[in-house]
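Everything numeric here is computed off the predicted structure, so don't read it as measured data.
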Amino acid sequence: MKTNAQLVWNTQSRHAGESMPCGGGDIGLNVWVEKGDLLFYLSRSGTFDENNAMLKLGRVRVRIEGRPFDKGDFRQELHLEDGSVIVSGGGVRIVLWVDVFHPVVHVSMESKTAVRMSAVYESWRYEDHVITDAVECRANSYKELQAFPITTYKDTVSFVGNRVQFYHRNRDDKEDIFDYTVRMEGMSAVKDQLYNPIRHNTFGGIMQGKGMIAGGNTDGQYADTKYRGWELRTSKQVKSQEITIGLHVAQTNTSKDWEEGLWALIKESKPVSKSTSKSLSNPVSIKISIEPSLGRRRSIKWWKQFWNRSYIHIDSKDAAVRTIDRNYELFRYQLACNAFGEWPTKFNGGLFTFDPCYVDSSKHFSPDFRAWGGGTMTAQNQRLVYFPMLKNGDGEMLKAQFDFYMRMLHNASLRSRVYWNHVGACFTEQIENFGLPNVTEYHPKRPAGTDPGVEYNKWLEYEWETVFEFCLMMLDEQRYDGVNLQKYLPFIDSCLSFYDAHYHKFDAQGHYIFYPTSAAETYKLTYNSTTVIAAMQTILQRLIVVAPDPKWDTMLAHLPPIPFGEYEGHTTILPAEKWERIQNRETPQLYPVFPWGIYGIGKPGLDTAINTYKYDPQAVAQWDYAGWKQYSIFAARLGMTADAAKLSVLKFKDGPHRFPTFWGPGFDWTPDHNWGGSAMIGVQEMLLQTDDRKIYLLPAWPGEWDVSFKLHAPYQTTVEAVVKGGKVVSLKVTPKEREKDVIYPGRGYD
């Protein structure tokens with residue numbers, strides 16, 4: 001196994017901002033020990049409420065008599081190799097782990113002496129909460145206060161026998177965010193045809209422990225939020241105790257349907273004795289025989305396979321360089337905790353957000369808060385979370401992001417039909433999980449005569465091309481892993497068809513007139529945006545090879561050329577032929593380098609792309625490493641080793657929180673997952689770049705950094721190498737016949 005194995009803390013944490021991630025499947029826990037108590041937050045994919053906030057599933061507090069963790073030998077360990085967190089001290093050892101294949105959290109306690117133990121489920125949603133602070137609205141899809149009250153409705157929490165059951169069920173007796181968005185965006189005529197993930201969404205779970213009994217309620221306040229607790233406690237002193245928390249998310253017709261689904265999941269996750277194979281209609285009477293070893297063995301096997309798929313280990317005298325090695329693994333672990341989620345990992349915190357006052361002391365909200373929303377997805381951020389999975393060999397994890405777009409395809413196509421009466425799917429940059437623009441970014445208070453399909457927003461207007469990056473990922477997944485592209489072809493086709501239909505006017509040379517368009521959020525009201533042209537060029541060229549169709553050739557022939565300019569006597573790539581204003585801080589003139597791969601090592605025009613990086617005043621002004629900034633990727637793809645190395649060290653340095661890869665907030669929120677994703681891509685591109693069947697080894701790797709790595713390349717290929725003193729001392733390419741396609745210093749390029 002190629003992993004650095006564990007991270008160890010020898011002191012307790014001060015608060016939730018010093019928590020450690022633990023997870024698996026699509027469940028994330030923030031784990032910490034504070035004042036002798038073990039605490040952890042529960043998060044799971046898909047917990048969208050009526051306002052499209054992504055709510056946590058509660059907090060658990062574990063307390064052991066005698067306060068063993070205060071005895072002076074405290075230890076908290078993250079074991080990457082099996083996805084567990086182990087807390088020990090005072091003769092007590094607690095192991096936390098999540099079943100990768102079933103949504104169940106396990107807490108296993110062992111003690112040298114018999115002790116009493118309690119587990120308290122804590123909820124801050126024990127009563128309705130009316131949002132009165134405009135900033136707090138940034139956690140949901142309203143984004144700002146409205147003329148009507150915005151309420152986070154209370155959960156249902158109760159003892160069910162000697163268990164604690166908790167859930168939130170979205171109400172349908174009032175207009176929710178889906179209803180409001182449809183109405184305000186003029187889509188009511190087709191409302192009954194629209195996919196709706198909000199209606200009746202129900203999420204929660206059940207906490208239980210063999211031999212534990214209900215102990216009553218507690219009340220308190222943690223950070224800025226009052227809570228109520230439901231306690232389970234051991235009926236006697238014990239030397240071992242297992243607690244399980246099963247979690248379920250589903251859209252069901254009734255709460256009873258959801259409850260039966262929860263119990264079915266729990267039953268499926270454990271071997272059940274013959275005496276328990278009765279109806280699930282009365283869960284109080286069910287006695288589940290807990291045998292965690294089966295689920296544990298399967299989960300450990302999955303983690304072992306995960307870590308064996310790829311790795312990067314760097315050896316350097318410089319401690320800052322060695323930090324890249326550790327933090328690359330820690331962040332990859334965070335991504336793996338949502339390996340099988342129905343919903344993609346959110347760029348703005350993933351499954352591991354915590355009380356916002358520990359991110360920004362001015363934000364006094366509940367642990368449910370995250371900036372930039374819960375059900376709102378932002379393409380330019382999300383793509384950076386998912387691109388690195390290709391070279392890591394984590395293709396199975398791409399499915400959640402692809403499915404997100406596939407579910408919305410019908411709704412996005414209806415947008416085009418309703419607003420413009422033409423074909424094709426129009427996907428906006430900030431898009432809800434039901435395929436319509438965020439309602440506030442759409443801006444309901446629009447001037448009369450505004451194009452009804454355009455967001456009335458100076459950053460987002462006409463920014464529709466960002467979906468193409470997910471089309472590219474789909475094509476890359478087919479090229480890397482050989483998956484069948486047929487499932488995704490209608491999606492890619494619809495995205496291209498939108499541009500063909502919407503801009504079906506041509507100049508004297510027979511080229512599309514792409515106006516008005518946008519070059520990311522930065523260059524606005526563009527004429528012939530480079531991001532649009534580069535995206536369509538790359539995708540169409542790929543489709544012509546893997547799924548030939550005359551319409552691809554026709555569209556490609558109609559594409560205008562990428563525009564060029566000149567700075568300080570150097571030819572450069574322009575973001576567009578013309579633009580009205582500069583709005584943000586992106587560098588879309590370098591998108592033909594990444595993600596579109598038109599310019600790079602071994603390709604024509606490399607000098608022009610380097611000139612753009614070096615001489616375009618806007619590109620130079622935006623040079624940075626924080627958050628979603630991509631300059632480490634640009635530098636690597638351009639073979640600019642010194643810049644790529646410097647930027648990667650900066651991007652991978654420890655974040656401001658106790659857990660090293662809880663970066664941010666950057667431009668977004670903490671933990672900043674698009675910060676980590678862009679950092680991973682940069683290092684991957686320093687080590688390995690590909691151009692169809694060509695594999696460029698070490699195109700931007702410093703000679704003084706020794707490294708051993710295993711990464712994936714197209715055509716179901718893996719490359720393993722050991723590099724010392726700038727020399728490749730070991731190289732293994734699988735399949736072996738692909739070794740002839742590998743090019744590296746001393747073997748084909750300088």
Shortest non-hydrogen contact from [X] to [Y]?
X    : Y    : value
V120 : M207 : C-CE, 4.1 Å
A16  : D355 : CB-OD1, 3.4 Å
M389 : L335 : CE-CD1, 4.3 Å
S123 : W230 : CB-CZ3, 4.2 Å
Q251 : I198 : NE2-N, 4.0 Å
G453 : Y419 : CA-CD1, 3.3 Å

So, the side chain of [X] versus the backbone of [Y]: is there a donor-acceptor pair under 3.5 Å, distance only?
X    : Y    : value
D219 : R228 : no
W343 : Q401 : no
Y456 : E441 : no
W258 : H200 : no
Y386 : T345 : yes
H15  : G17  : yes
E521 : E461 : no
K346 : T376 : yes
R183 : Y180 : no
E50  : R171 : yes

Do [X] and [Y] have side-chain N/O donor and acceptor atoms under 3.5 Å apart?
X    : Y    : answer
N30  : S19  : yes
T661 : Q334 : yes
T225 : S366 : no
Q12  : E18  : no
E586 : T522 : yes
E34  : Y222 : yes
Q583 : R581 : yes
N438 : E432 : yes
N381 : N674 : yes
N348 : D672 : no
Y462 : K524 : no
D176 : N51  : no
T156 : R169 : no

**Q.** side-chain contact (heavy atoms from CB on, under 4.5 Å) partners for A379, two or more places apart
**A.**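 By the side-chain contact (heavy atoms from CB on, under 4.5 Å) rule, A379 matches Y405, E429, T466, F470.
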Presence of salt bridge, [Y] and [X], under 4.0 angstrom:
X    : Y    : answer
K629 : D624 : no
D179 : K191 : yes
R61  : E122 : yes
R63  : D37  : yes
K363 : D224 : no
K56  : D368 : no

Q: Using the ring-ring contact (aromatic ring centres under 6.0 Å, His included) rule, pick out the option among F40, F159, Y41, F166 that qualifies with Y121.
A: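 Result: among F40, F159, Y41, F166, F166 is the only option passing the ring-ring contact (aromatic ring centres under 6.0 Å, His included) with Y121.
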Q.
Can you see whether Y591 has R383 sitting over its ring - NZ or CZ less than 6.0 Å from the centre and within 45° of the normal?
A.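 Yes, a cation-pi geometry holds between R383 and Y591.
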Interatomic spacing from [atom1] in [X] to [atom2] in [Y] - rounded to 0.5 Å:
X    : Y    : atom1 : atom2 : result
T531 : Y523 : OG1   : OH    : 11.5 Å
R44  : E342 : CZ    : CD    : 8.5 Å
D403 : M408 : CG    : CE    : 11.0 Å
R125 : D155 : CZ    : CG    : 4.0 Å

Can you tell if the side chain of [X] reaches within under 4.5 Å of the side chain of [Y], non-hydrogen atoms only?
X    : Y    : answer
T152 : D128 : no
R199 : F178 : no
T244 : V105 : no
D26  : F340 : no

Q: For the pair T428 and E455, evaluate side-chain contact (heavy atoms from CB on, under 4.5 Å) and give the outcome as yes or no after the intermediate values.
A: CA-CA 8 Å; T428 57; E455 292 165 286; 3.5 Å; yes
Check for me whether the distance between the ring centres of [X] and [Y] falls short of 6.0 Å.
X    : Y    : answer
F434 : Y195 : no
F148 : Y142 : yes
F347 : W628 : no
H248 : Y167 : no
H129 : Y153 : no
F427 : W464 : no
W124 : Y126 : no

Q. For W459, does the CH2 atom have more than 12 heavy-atom neighbours from other residues, nucleotides or ligands under 6.0 Å away?
A.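 Counting neighbours around CH2 of W459, 12 or fewer heavy atoms of other residues, nucleotides or ligands fall under 6.0 Å, so no.
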Q | Neighbour count above 12 (heavy atom, 6.0 Å) for R407 CZ | A |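 Check passes, neighbour count above 12.
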(Q) Let's go through Y442 and N457 carefully: what are the C-alpha distance in whole Å and the side-chain angles of both, what is the deciding distance for side-chain contact (heavy atoms from CB on, under 4.5 Å) to 0.1 Å, and is it a yes or a no? (A) CA-CA 7 Å; Y442 179 84; N457 177 292; over 6 Å; no
**Q.** salt bridge (Lys or Arg N to Asp or Glu O under 4.0 Å) partners of R138, counting only residues at least two apart
**A.**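 For R138, no residue satisfies salt bridge (Lys or Arg N to Asp or Glu O under 4.0 Å) once neighbours in sequence are set aside.
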Q: Could you walk me through whether W32 and F659 pass ring-ring contact (aromatic ring centres under 6.0 Å, His included), step by step?
A: CA-CA 11 Å; W32 75 103; F659 193 75; over 10 Å; no
Q) Please walk me through it: do F667 and W675 pass ring-ring contact (aromatic ring centres under 6.0 Å, His included)? A) CA-CA 9 Å; F667 306 108; W675 184 315; 8.3 Å; no
Q: Go through the structure and list residues passing ring pair (Phe, Tyr, Trp, His ring centres under 6.0 Å) with Y227, not counting sequence neighbours.
A: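 Y227 satisfies ring pair (Phe, Tyr, Trp, His ring centres under 6.0 Å) with no residue once adjacent residues are dropped.
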